[in-house]
> 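Input: one structure, supplied below.
A note on names: the letters A, B, ... follow the listed sequences, proteins ahead of strands, and every chain is numbered from 1.
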2 protein chains.
Amino acid sequence: MGRPRVGVLSRRLIGETALRLLDDDRDTGFRMSDLARALGVRVSSLYNHVENKTAVFAEIREILAERIDADAAPDPRWDHALRNWAHAYRAAFAAHPSTVAYLSALPLDATSTVGRSYDHLASQLQDAGWSAAESMSVIVAVESFVLGSALDASAPQDMLDPGDRADVPTFAAAYHARRELAEVQGATPADLAFTLGLDALLEGLRLRLGRG
Amino acid sequence: MGRPRVGVLSRRLIGETALRLLDDDRDTGFRMSDLARALGVRVSSLYNHVENKTAVFAEIREILAERIDADAAPDPRWDHALRNWAHAYRAAFAAHPSTVAYLSALPLDATSTVGRSYDHLASQLQDAGWSAAESMSVIVAVESFVLGSALDASAPQDMLDPGDRADVPTFAAAYHARRELAEVQGATPADLAFTLGLDALLEGLRLRLGRG
């Protein structure tokens, strides 16, 4: 690949490079000087494209949001649209778990793609009968489930392994049963929890809407 | 308060101090030297109680797990028990959002309180009719929703504010409607999404169990 030339430096390339640095070092994050070194440019050159580290994170959000938009197949049924969005959203963040905590607290830019995705989903939910306030809560609730599930999907899949611990027999049996079921189904334990939880969440939302 | 004397140094005090440092500085975390300075001891003294930074995080997990256990009222009905657990769990982590990403990937200690909580919940779920594998997925799904919701609860409650943006009218209306509803109910916007989502998730789980 080699170092990109200074001439091609862009906000997008800075965001992509920061994302790679975050992926490499889940714990400590990155400094602007690390970013400049990785790009083979001076720190001052970065500031021609991003005002500060917050702007780099905002660009990372745009990169992930565009992937989600590209991967989430639209569907005229609100619950199917939410399911597709949830799957694409989880995949995008599970690939970059170190961004979850930061982005979940970073205010949305006034030009963010995310706002347009919310607008589209909120319209679909309201057309189906959800009130304006509820449509926002539904989106945020699904998003919360997805972000927690993305962290779970990216965690070591044996992190709950009780080993030869003798004081938690029911948990140990449940842990191993889920692992075996996942293997049979060609999925990960995290996939099983995500699918079961998302199905239940959407089923519960359908019921609530039906009751009006 | 003053500095604690070296004589009272303990794994628990180290964990509590690390938690305070994480709360103060959500972005960058802490180094063992920061921890020693905050406690007024030498770094080498820390290692009489914790092997490394991972052990400090494991102790933080125990502190939070004990709070959750103390706050989650037991209930003979599995869905009520899950609801109480989810509320206590969200409160504990919303107070310390910077721990979420790290702890969600940290393998469980063989003596962790968390294992006993899982064991208890898994027993209750299996007694109610859930299979062993499903009981584990139910616990992890609720946990994922809770962790995402804890991040949302600790985020600035106006972080999604579309401001005077004109291209997302339905999202903007939904955003303001949720804020107003929250105000009327004396809750936060995050509370509304959490309650709606948890209700729907539990309702969906009850239905699935009922269908067998």
> Considering only heavy atoms and a distance below 4.5 Å, find which of A:G163, A:A190, A:S112 pairs most often with chain B.
A:S112

> Out of A:P156, A:P107, A:A182, A:A193, which one racks up the most heavy-atom pairs below 4.5 Å with chain B?
A:A193

> At a 4.5 Å cut-off on heavy atoms, which part of B:S131 comes close to chain A: side chain, backbone, both, or neither?
neither

> Heavy-atom distance under 4.5 Å to chain B: side chain of A:L192, backbone, both or neither?
both

> Does either side chain, that of B:R20 or that of B:H96, offer a donor lying less than 3.5 Å from an acceptor on the other one?
no

> Pick from B:L108, B:L147, B:L201: which one has the most heavy-atom pairs with chain A under 4.5 Å?
B:L201

> Quick check: does any side chain N or O of B:D75 sit under 3.5 Å from a backbone N or O of B:H80, one acting as donor and the other as acceptor?
no

> Between B:H87 and B:F194, what is the ring plane arrangement, given parallel below 30°, perpendicular above 60°, and tilted in between?
perpendicular

> Just wondering, more than 12 heavy atoms not from A:R42 lying within 6.0 Å of its CZ?
no

> CZ of B:R31: more than 12 outside heavy atoms within 6.0 angstrom?
no

> Could you tell me which portion of B:L103 (side chain, backbone, both or neither) has an atom closer than 4.5 angstrom to a non-hydrogen atom of chain A?
backbone

> Please determine if A:R67 and A:D69 form a salt bridge, counting it only when a charged side-chain N lies under 4.0 Å from a carboxylate O.
no

> Is it true that, when you exclude B:E16 itself, more than 12 heavy atoms of the residues, nucleotides or ligands shown sit nearer than 6.0 Å to its CD?
yes

> Is chain A contacted by the side chain of B:D109, its backbone, both, or neither, given a heavy-atom distance below 4.5 Å?
backbone

> For chain A, find which of B:A141, B:G148, B:G204, B:S144 contributes the most heavy-atom pairs closer than 4.5 angstrom.
B:S144

> Measure B:R116 against the heavy atoms of chain A and call it side chain, backbone, both or neither at under 4.5 Å.
both

> Contact part of B:L106 toward chain A, heavy-atom cut-off under 4.5 Å: side chain, backbone, both or neither?
backbone

> Let's test your reading of the structure: which of B:G197, B:A110, B:A150, B:S135 forms the most heavy-atom pairs below 4.5 Å with chain A?
B:A110

> Counting heavy-atom pairs closer than 4.5 Å to chain B, which one of A:E143, A:M136, A:R206 comes out on top?
A:M136

> Which of the residues A:H120, A:R208, A:R165, A:E134 is involved in the greatest number of heavy-atom pairs with chain B at under 4.5 angstrom?
A:R165

> Around atom CD of B:Q185, are there more than 12 heavy atoms of other residues, nucleotides or ligands at under 6.0 Å?
yes

> Does any heavy atom of chain A fall under 4.5 Å from the side chain of B:D152, the backbone, both, or neither of them?
side chain

> Measure B:L205 against the heavy atoms of chain A and call it side chain, backbone, both or neither at under 4.5 Å.
both

> Side chains of A:Q126 and B:T170 only: does a donor on one sit below 3.5 Å from an acceptor on the other?
no

> Less than 3.5 Å apart, which donor and acceptor atoms pair up between the side chains of residues 171-181 of chain A and the rest of the protein, not counting sequence neighbours?
| from | atom 1 | to | atom 2 | distance (Å) |
| --- | --- | --- | --- | --- |
| A:Y175 | OH | A:R179 | NH1 | 3.3 |
| A:R178 | NH1 | A:P189 | O | 2.8 |
| A:R179 | NH1 | A:Q157 | O | 3.1 |

> If you tally heavy-atom pairs under 4.5 Å against chain B, which of A:T111, A:T195, A:D164, A:V100 wins?
A:T111

